[in-house]
Amino acid sequence: MKKILFVILLLVAVELTGCGNQKGKISNGKSSEIPSTKAVKKMTSNNNFGRSLVVYYSLTSHTKQVAESIHHRVGGDIVAIQTEKSYPTTYSATTAEVKKEIRQNQLPQLKTADIDWHQYKTIFVGSPVWYGNLSLPMQQLFRQHQFQSGIHIAPFFTSGSSSPKEAFTTMKRLQAQPSYHQPLGITNDEQSDRNRLVDQWLKGIKFD
Ligand SMILES: Cc1cc2nc3c(=O)[nH]c(=O)nc-3n(C[C@H](O)[C@H](O)[C@H](O)COP(=O)(O)O)c2cc1C
């Protein structure tokens, strides 16, 4: 009899302490899976930053590769901005064409991109540096599209070796309403290290 009483008491104790349950309990009495630390971290990040979009322009894929690295880490959507008219295929012909556009104060027409901007709270914007400045297609996007205040822009740039400083200044001059995170700049020499640099940057802007 004593033995049976002991077993009953033991079972009650186990149930009360929750040790007999592999699932977590929430206050309404329903049980739910305890999310892994990683899942909690991701959910927290999304709560802080909202749904994100990675939008970029890239002529020779350097910025595209950085954009994909960011997208892989932050999720959300990714869109490439494209010009109506293609730039020439050689570097010298392209630079000649871009110089002409700059001289004539002309920005390239963009293909219409089907973006529902309103669903994003954080927008990662990527561009190559052209003549020390923001690439012309990205300047066009910033002239055509009005970013709302309350939007967070996280800019990233690739370049041969130039600093992204002037390109970033141009971005802020063209669109003053959104708030801006510190930009990421990756030179061609640093491309092979881009995943680490992206991680470091995301950590710096608290998106990790
Ligand atoms: C028209 C043009 C102008 C450029 N001007 C610069 C420059 O001023 N400074 C620099 O470091 N790199 C310059 N570059 C190199 C690009 O910024 C660099 O290769 C960049 O990573 C290319 O990105 P993408 O492959 O995404 O187009 C220029 C390239 C082009 C095509």
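In each ligand, atom 1 is the first atom listed, and ligand 1 is the first ligand listed.
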By number and element, which atoms of ligand 1 are closer than 4.0 Å to a non-hydrogen atom of [X]?
{"X": "Ser162", "answer": "7 (C), 8 (O), 9 (N), 10 (C), 11 (O)"}
{"X": "Gly132", "answer": "7 (C), 8 (O)"}
{"X": "Tyr131", "answer": "1 (C), 3 (C), 4 (C), 5 (N), 6 (C), 7 (C), 8 (O)"}

Consider every N or O of [X] and every N or O of ligand 1, then say whether any pair is closer than 3.5 Å.
{"X": "Thr63", "value": "yes"}
{"X": "Ser161", "value": "yes"}
{"X": "Gly160", "value": "yes"}
{"X": "Thr95", "value": "no"}
{"X": "Trp130", "value": "no"}

Check: [X]/[Y] side-chain N/O donor and acceptor closer than 3.5 Å:
{"X": "Glu101", "Y": "Tyr87", "value": "yes"}
{"X": "Ser161", "Y": "Thr187", "value": "no"}
{"X": "Arg194", "Y": "Gln191", "value": "yes"}

- request: Please check if the distance between the ring centroids of Trp201 and Phe207 is under 6.0 Å.
  value: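 Aromatic pair excluded; centres sit 6.0 Å or further apart.
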task: For this output row, return yes or no: ring centroids of Phe124 and Tyr56 closer than 6.0 angstrom.
output: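 When the ring centroids of Phe124 and Tyr56 are compared, they turn out to be at least 6.0 Å apart.
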message: Is Tyr91 close enough to touch ligand 1? Criterion: a residue heavy atom under 4.0 Å from a ligand atom.
response: yes
- prompt: Side chain or backbone of Ser135 under 4.0 Å from ligand 1, or both, or neither, by non-hydrogen atoms?
  reply: neither
statement: d(Leu174 CG, Gln146 CD) to nearest 0.5 Å is 11.0 Å
task: Compare every heavy atom of Tyr120 with every heavy atom of Ile151, then report the nearest pair and how far apart it is.
output: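 Nearest pair, atom of Ile151 first, then Tyr120: CD1-O, 3.0 Å.
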- request: Measure across Leu107 and Leu136 and return the closest heavy-atom pair with its distance rounded to 0.1 Å.
  value: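 Scanning both residues completely, I find the closest heavy atoms to be CD2-O, 3.8 Å.
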Nearest to [atom], what protein heavy atom do you find, and at what distance?
{"atom": "atom 25 (O) of ligand 1", "value": "Thr60 OG1, 2.3 Å"}
{"atom": "atom 19 (O) of ligand 1", "value": "Asn188 ND2, 3.2 Å"}
{"atom": "atom 21 (O) of ligand 1", "value": "Thr158 OG1, 2.8 Å"}
{"atom": "atom 13 (C) of ligand 1", "value": "Val129 O, 3.3 Å"}

task: Decide, yes or no, whether a salt bridge links Lys64 with Glu68 under the criterion of side-chain N to carboxylate O below 4.0 Å.
output: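 Between Glu68 and Lys64 there is a salt bridge, with a charged N closer than 4.0 Å to a carboxylate O.
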query: For Lys85, what residues pass the salt bridge (Lys or Arg N to Asp or Glu O under 4.0 Å) criterion, not counting sequence neighbours?
result: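 Once residues adjacent in sequence are excluded, the partners of Lys85 under the salt bridge (Lys or Arg N to Asp or Glu O under 4.0 Å) criterion are Glu97.
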Options Leu59, Val98, Thr94, ranked by nearest heavy atom to atom 27 (O) of ligand 1, top entry: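 Shortest heavy-atom distance from atom 27 (O) of ligand 1: Leu59.
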